Participant: 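Starting off with a structure, shown below.
Per chain, numbering begins at 1; letters A, B, ... match sequence-line order. Computed from a prediction, not measured in an experiment: that's the story for all the values here. Computation of the quantities below employed the complete heavy-atom set of this structure, encompassing side-chain atoms and omitting hydrogens, waters and symmetry-equivalent molecules.
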Protein chains: 2
Amino acid sequence: MIDVDSDELLSIRAAELYYEENKTQDEIGLILSLTRWKVGRLIAQAKASGFIRIEIVHPRARRPALERRLREKIGLHDAIVVSTAGIDAFDNAAAAAVELQSRTAHAAAEYLTALRPAPRTLGVSWGHTLHAVAHHLGQGWAHGVAVVQINGSVSLTRSAGVAAQAAVAIAQKGAGTATLLPSPAILERRETRLAIESDRTVAAVLAEAAGASAYLFSAGQADENSVHVASGYLSVDEMAALVAHGAVGDVVGRYINARGDIVDAELDDRTLGIRLQQLRAAAVTIAVISGAAKHEIARAVVVSGLCTVLVTDEDTALALLDPASAAAPASAVEANPNFS
Amino acid sequence: MIDVDSDELLSIRAAELYYEENKTQDEIGLILSLTRWKVGRLIAQAKASGFIRIEIVHPRARRPALERRLREKIGLHDAIVVSTAGIDAFDNAAAAAVELQSRTAHAAAEYLTALRPAPRTLGVSWGHTLHAVAHHLGQGWAHGVAVVQINGSVSLTRSAGVAAQAAVAIAQKGAGTATLLPSPAILERRETRLAIESDRTVAAVLAEAAGASAYLFSAGQADENSVHVASGYLSVDEMAALVAHGAVGDVVGRYINARGDIVDAELDDRTLGIRLQQLRAAAVTIAVISGAAKHEIARAVVVSGLCTVLVTDEDTALALLDPASAAAPASAVEANPNFS
DNA sequence: GGGAATCTTGCTCAAATGAGCACGATTGAT
DNA sequence: ATCAATCGTGCTCATTTGAGCAAGATTCCC
């Protein structure tokens, strides 16, 4: 009972009375036999020592402190970080991921709506995330916007299907037009890609995409759950090979390693759509990435300058800012530009 | 994007700027284009809606709000509730329980030290918890106190052992004397209990115990980990039988059900020490109970008026205040006063 | 559509709080 | 032991914040 840290304990007592009992510092002074200034200093000390944790628990809460750190430390033009509060209450990991994606997409939709100058032409990728963003966009989010797909859809035969929905919905809600890219994402041969690319309609779409005033895209993680595996573009073995060569995920269909480099030049050469260099050169590139599975690809995206604006979740933001997790993770393999 | 709950969202944004960015309400008003009064109201609204969670994370933090609710709703004279912050960080459940007990015991020691009028005679039980309380008491916590054991020790032959340590340490640190109760906790036959009880020295101790100005005790849960099973007073089967008849735990060696009634009159008749009626009649009875395993016995203790002061942990306090968990738990059996 | 009831808003004023300062106590070096 | 430096303390003053109020806006009921 020797009061070595009596001041610390006292500051805790003061903080309890202040924050939990809503007493005034003067009253606390009376209770603890201290001057009100001492009480104020004790509470400030408790705050400074990190004993006071103030959290805003709301599905649509953001984390401005993390956003600022992302801007400053990572050098992003802007960052939107949504709260993960309550996510751990989900018993089902998949349901949690869906909720997190929904929150992130909501925030992205809001950001897009408030973006000034409003993009005249918006280049978009496709996928679950883009779909969710489209869902959360409000009718009339823009007043006339040209939405252009920037990478190939799942399949030519289903080109009016899922992949197109996001672009169409974004355009419709923004009182604008959607231009779809009528091509598969990955071709079987380089020559086929070149042939399709030189087709007049496709070339026109790609040209419009190249001139977009802003880009909105997500990223996929490199594992057997990838949309490319699910849609048959890549086999499980091919994916495993990509991972073995350092792939952490894809952006607009192009697989990159932790440094943001193309993992497999040959595969990339068969991939149709905007080039990563074009994204890196663009003024406004908004990446929407959430979920624990995408921490690595998120890092690759930001460190290699693929986006100027990142919309993500708290956990991903923390992972990005954590120097420890910047170290090469599990399978850090020197990338080979063309291993296949 | 139709702003149904735009006010709620706005209040979240305001709260973020206020609590996370440390901006003044005036500045926030400037940013969000609101008057500073509106900002103040939004923040108040966010607080009232429970979106702002302020938590004091410190091993020795208390929960005054819970303490007040325990006093008011349960009718305790006083309540001390220690924080469980950081407990879930323990990977080992046993280690977590130990830490929790340590915190609770620390708070109990503090309470005892500050108790006024200081008890002239203090009746104490024994066990891990009491041992921990003794450990946390500071040298000179009292200036002369008569400490009396109020229930039998583990065994006659080891009477100077573990059980005695707590009482002796409490007395020593309080510059006082310890009076031990030289008897087993539970005898094999009623007659033996009567014989020991009528022994002059034992009778004197019991008389002193009966006249104590304050009592300090813990409670044990009714399961195979009970100290009575460990020390051989009860077999695993006997314990199972007690549980089957509604026993939730013991206080000073006497097993009670959820209502606080003696579960087995015959067993109780063989148990030596202070009667529960004496505890219920006493002016100052301090129960120190912590840990998830003791939620039921804690409830039994408070609802049956066995203590006037409860020292416990946050989770136990919440369980006590939760009307849902007040409902008969798992094995709610109508107690039979004498089933054996 | 009129009118009462309620809610919201922007204010005044008082309470509460934080910044900065001067003074006394404590510490540490010589 | 002495002096300087540092620290903690209690203050003044300015800023920030919350309570209460009256006017305007909105809703709701008929």
Side-chain angles (χ1 to χ4, degrees), chain A residues 1-58 60-65 67-68 110 114 138-140, chain B residues 1-58 60-65 67-68 110 114 138:
Chain A
M1 199 61 42
I2 308 103
D3 37 20
V4 178
D5 50 0
S6 74
D7 240 34
E8 181 173 306
L9 191 54
L10 207 54
S11 78
I12 294 300
R13 295 282 162 265
E16 280 164 3
L17 293 166
Y18 190 67
Y19 289 109
E20 302 201 15
E21 297 287 82
N22 295 317
K23 297 209 180 296
T24 165
Q25 298 188 358
D26 224 350
E27 292 176 294
I28 297 169
L30 218 60
I31 294 169
L32 301 178
S33 315
L34 301 164
T35 62
R36 69 182 189 78
W37 297 283
K38 177 77 179 168
V39 173
R41 284 181 181 120
L42 284 171
I43 293 170
Q45 182 192 321
K47 244 191 279 187
S49 310
F51 296 140
I52 314 296
R53 173 173 297 164
I54 300 183
E55 205 187 354
I56 298 169
V57 285
H58 191 284
R60 301 208 28 208
R62 302 227 313 253
R63 293 286 174 259
E67 295 177 355
R68 185 155 29 79
E110 227 164 41
Q139 203 71 42
Chain B
M1 200 59 44
I2 307 104
D3 37 21
V4 179
D5 48 1
S6 73
D7 241 33
E8 181 172 306
L9 192 55
L10 207 54
S11 77
I12 295 299
R13 295 282 162 266
E16 280 164 3
L17 293 166
Y18 190 68
Y19 288 109
E20 302 201 15
E21 297 287 82
N22 295 318
K23 297 210 180 295
T24 166
Q25 298 188 357
D26 223 351
E27 291 176 295
I28 297 168
L30 217 62
I31 294 169
L32 301 177
S33 313
L34 301 164
T35 62
R36 69 183 189 79
W37 296 282
K38 178 79 180 168
V39 173
R41 285 181 181 119
L42 285 172
I43 294 170
Q45 182 191 321
K47 244 191 276 186
S49 310
F51 297 139
I52 315 296
R53 173 172 298 164
I54 301 182
E55 207 187 351
I56 298 169
V57 286
H58 192 284
R60 300 210 27 209
R62 302 230 311 254
R63 292 288 174 255
E67 295 176 354
R68 185 155 29 77
E110 229 164 40

Participant: Which of residues 36-52 of chain A have a heavy atom under 4.0 Å from DNA chain D?
Facilitator: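 Of all residues in residues 36-52 of chain A, the ones placing a heavy atom under 4.0 Å from DNA chain D are A/Trp37, A/Lys38, A/Arg41.
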
Participant: Among all residues two or more places apart in sequence or in another chain, which pass the side chain to side chain donor-acceptor pair (under 3.5 Å) test with A/Arg68?
Facilitator: B/Glu21

Participant: Who are the side chain to side chain contact (heavy atoms under 4.5 Å, CB included) partners of B/Tyr19, not counting sequence neighbours?
Facilitator: A/Ile54, B/Ala15, B/Ile43, B/Lys47, B/Ile52

Participant: Determine to 10° how strongly the helix from C/dG1-D/dC30 to C/dT30-D/dA1 is bent, judged from the axes of its five-pair ends.
Facilitator: 40°

Participant: Shortest non-hydrogen contact from B/Ala14 to B/Val39?
Facilitator: CB-CG1, 4.5 Å

Participant: Taking all non-hydrogen atoms of both residues into account, name the closest pair between A/Pro64 and B/Glu20 and its distance.
Facilitator: CD-OE1, 3.2 Å

Participant: Checking A/Leu42 against A/Leu32 for the side chain to side chain contact (heavy atoms under 4.5 Å, CB included) test, could you report, in this order, the C-alpha distance in whole Å, the side-chain angles of both residues, the deciding distance, and whether it holds?
Facilitator: CA-CA 12 Å; A/Leu42 284 171; A/Leu32 301 178; 5.6 Å; no

Participant: Who passes side chain to side chain donor-acceptor pair (under 3.5 Å) against B/Glu67, sequence neighbours left out?
Facilitator: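 In terms of side chain to side chain donor-acceptor pair (under 3.5 Å), with neighbours along the sequence ignored, B/Glu67 is linked to B/Arg62.
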
Participant: Enumerate the residue pairs fulfilling side chain to side chain donor-acceptor pair (under 3.5 Å) with a member in residues 23-38 of chain B, sequence neighbours excluded, ordered by first and then second residue.
Facilitator: none

Participant: Mind checking salt bridge (charged side-chain N to carboxylate O under 4.0 Å, His left out) for A/Arg41 and listing every partner two or more places apart, or none if nothing turns up?
Facilitator: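 Per chain and number, A/Arg41 pairs via salt bridge (charged side-chain N to carboxylate O under 4.0 Å, His left out) with no residue.
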
Participant: Sequence neighbours left out, what passes side chain to side chain contact (heavy atoms under 4.5 Å, CB included) with B/Ala61? Give chain and number order.
Facilitator: A/Ile12, A/Glu16, B/Ile56, B/His58, B/Arg63, B/Ser83

Participant: Quick check for you: name the first and last nucleotides of DNA chain D, 5' to 3', having an atom under 4.0 Å from a heavy atom of chain A.
Facilitator: D/dT9 to D/dT12

Participant: Please give me every residue in residues 19-32 of chain B whose heavy atoms get under 4.0 Å of an atom in DNA chain C, ordered by residue number.
Facilitator: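 Close to the strand, none.
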
